[in-house]
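Here the structure is laid out as structure tokens; the discussion comes afterwards.
Computed over heavy atoms, backbone and side chain alike; hydrogens, waters and symmetry mates excluded. Counting starts at 1 for both ligands and their atoms, in listed order.
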Amino acid sequence: MRIERVELFLLRLPLRTPYETSGSVETHQTRVIARVEAEGAVGWGESVAPELPWYSSETPVTVWYALEEIMLPRLLASDLARPEDVDERLAWVRGHHMAKATVEMAVWDCFANAAGVPLAKLLGGTRDRILCGVAIGLHPTTEALLERIERELADGYLRVKLKIKPGMDTAIAEAVRRRYPDLPFMLDANSAYALADAAVFERIDATRPTMIEQPLAHDDLVDHAELQRRIRTPICLDESIESAEHARKAIAIGATKVVNIKAGRVGGHNASKRVHDVCAASGVPVWCGGMLEMGIGRAHNVHLASLPNFSLPGDVAASKRYFDREIIGEPFVVEPDGTMRVPTGPGIGVTVLEDEIRRLALRTSELRPGGAP
Ligand code: MG
């Protein structure tokens with residue numbers, strides 16, 4: 001398949017409510033959207049790089065640069081036999097995983113559309129519904145957080161994930177466990193602690209969370225292994241796992257018992273499948289993380305989460321939680337049983353509101369083979 005044309009769009013949409021983590025407070029999401037055209041088929045991808053580099057080093061500006069200057073000119077010059085070829089052609093590029101994922105996932109959508117099959121089928125998915133949890137940001141008071149949890153549970157989510165940071169951690173876990181003796185809840189620190197803070201997690205242990213996500217440094221494995229030896233609660237790594245090799249090493253030294261897979265973080269669907277397979281081979285379950293995606297990124301997550309080892313509820317929640325304005329025609333909803341249907345149409349299986357994207361775009365670019373970017 002020869003890619004004949006790629007268009008990039010920069011979108012900035014307000015979030016319905018601000019989202020606070022240990023690293024940032026986000027009120028908007030700024031996303032690079034890619035539209036790939038090849039031999040009559042079209043595919044869409046969405047970058048998940050936040051506006052500021054608090055989660056990883058990438059931002060929409062670096063994504064735009066890496067796509068326009070480095071990745072797209074090379075992909076436009078090559079013939080792709082299968083979607084996995086994108087990963088191979090760009091394997092020499094260090095980092096820029098979110099940029100790579102943006103075009104790689106658009107190419108997967110393009111191949112699935114050309115074949116007339118749902119993306120989930122092309123990826124090897126086995127589920128027709130995925131398990132949904134919800135991630136809840138930091139709230140100013142515990143009472144406000146408990147109210148928010150109540151509203152989310154009423155919407156059907158199977159588990160809640162709560163952000164923590166130093167000073168807002170044990171009190172949250174203890175209050176939630178007091179209010180909900182049996183609720184599966186987990187905590188996400190986004191790398192806000194050091195091994196010297198182990199006592200915090202030993203205290204959290206008593207509240208029986210299902211797991212603690214990325215307590216220590218974003219690039220650490222060794223200290224996570226040491227912390228895991230000291231606590232019962234399973235550690236789940238997010239930021240530290242940027243590749244299947246990282247997953248293999250983390251599992252080997254006991255640094256993680258669960259892995260959060262985000263396609264943007266690891267470089268796309270093919271890289272996600274490799275992480276998924278490495279974890280499956282070691283009996284380590286995975287779940288699909290979220291980056292407050294707009295509709296295109298959300299659709300990709302739903303298809304990815306249909307793979308068999310995504311056996312725990314992920315952070316792929318209903319579209320309505322995030323934006324008033326949508327860029328797809330069929331927003332994702334959570335069923336009363338806490339699941340979400342995997343679309344059955346070709347590709348990502350939702351209608352991309354192309355006119356809306358063109359109208360809202362703050363910046364656009366069009367690339368063709370041989371053309372200067
Ligand atoms: Mg996380």
Side-chain angles (χ1 to χ4, degrees), residues 15 18-26 29 47-58 97-98 101 131-139 145 152 157-166 168-169 172-173 176 184-194 197 200-201 204 209-221 223-224 227-228 233-243 246-247 250 255-267 271-272 275-276 279 284-293 297-298 301 304-305 310 312-317 321-322:
L15 286 167
Y19 190 73
E20 181 173 356
T21 68
S22 64
S24 77
V25 181
E26 295 180 325
Q29 290 299 316
S47 121
V48 297
E51 204 156 287
L52 294 171
W54 68 270
Y55 174 83
S56 72
S57 62
E58 293 185 82
H97 286 182
M98 291 175 179
L131 309 172
C132 297
V134 66
I136 302 176
L138 287 158
H139 280 58
L145 176 65
E152 302 291 4
Y157 293 102
L158 297 169
R159 70 102 169 102
V160 297
K161 163 170 136 181
L162 310 171
K163 296 287 185 178
I164 58 170
K165 68 176 182 182
M168 296 179 80
D169 38 41
I172 289 176
V176 171
F185 77 92
M186 58 173 288
L187 304 168
D188 184 6
N190 289 107
S191 306
Y193 298 83
D197 302 313
V200 171
F201 298 100
I204 283 174
T210 57
M211 66 191 91
I212 293 176
E213 186 178 348
Q214 195 73 37
L216 310 181
H218 69 95
D219 55 356
D220 168 76
L221 298 179
D223 282 358
H224 279 101
L227 179 63
Q228 184 68 88
T233 307
I235 290 178
C236 168
L237 290 181
D238 172 357
E239 285 91 333
S240 290
I241 306 296
E242 293 189 356
S243 68
H246 289 169
T256 197
K257 291 183 175 172
V258 183
V259 171
N260 163 349
I261 295 183
K262 291 175 181 167
R265 191 189 70 229
V266 299
S272 297
V275 176
H276 169 275
C279 292
V284 169
V286 304
W287 52 270
C288 187
M291 293 291 286
L292 312 190
E293 284 85 354
R298 194 164 300 277
N301 284 347
L304 178 62
F310 282 86
L312 298 171
D315 284 343
V316 185
R321 289 187 79 241
Y322 302 97

*Under the side-chain contact (heavy atoms from CB on, under 4.5 Å) rule, what do Ile235 and Phe201 come out as? Steps first, then yes or no, please.*
CA-CA 10 Å; Ile235 290 178; Phe201 298 100; over 6 Å; no
*Can you name the salt bridge (Lys or Arg N to Asp or Glu O under 4.0 Å) partners of Glu213, sequence neighbours left out?*
Lys161
*asked:* Is it the case that the side chain of Arg265 and the backbone of Asn260 share a donor-acceptor pair, with hydrogens and angles ignored and the cut-off at 3.5 Å?
replied: yes
_the Mg ion (ligand 1) - number of protein N/O/S atoms closer than 2.8 Å_ = 3
*May I ask you to check whether Gln214 and Ser240 show a side-chain donor-acceptor distance below 3.5 Å?*
yes
*Full working for side-chain contact (heavy atoms from CB on, under 4.5 Å) between Val48 and Lys262*: CA-CA 9 Å; Val48 297; Lys262 291 175 181 167; over 6 Å; no
_Quick check: do Glu152 and Arg321 have side-chain heavy atoms less than 4.5 Å from each other?_
yes
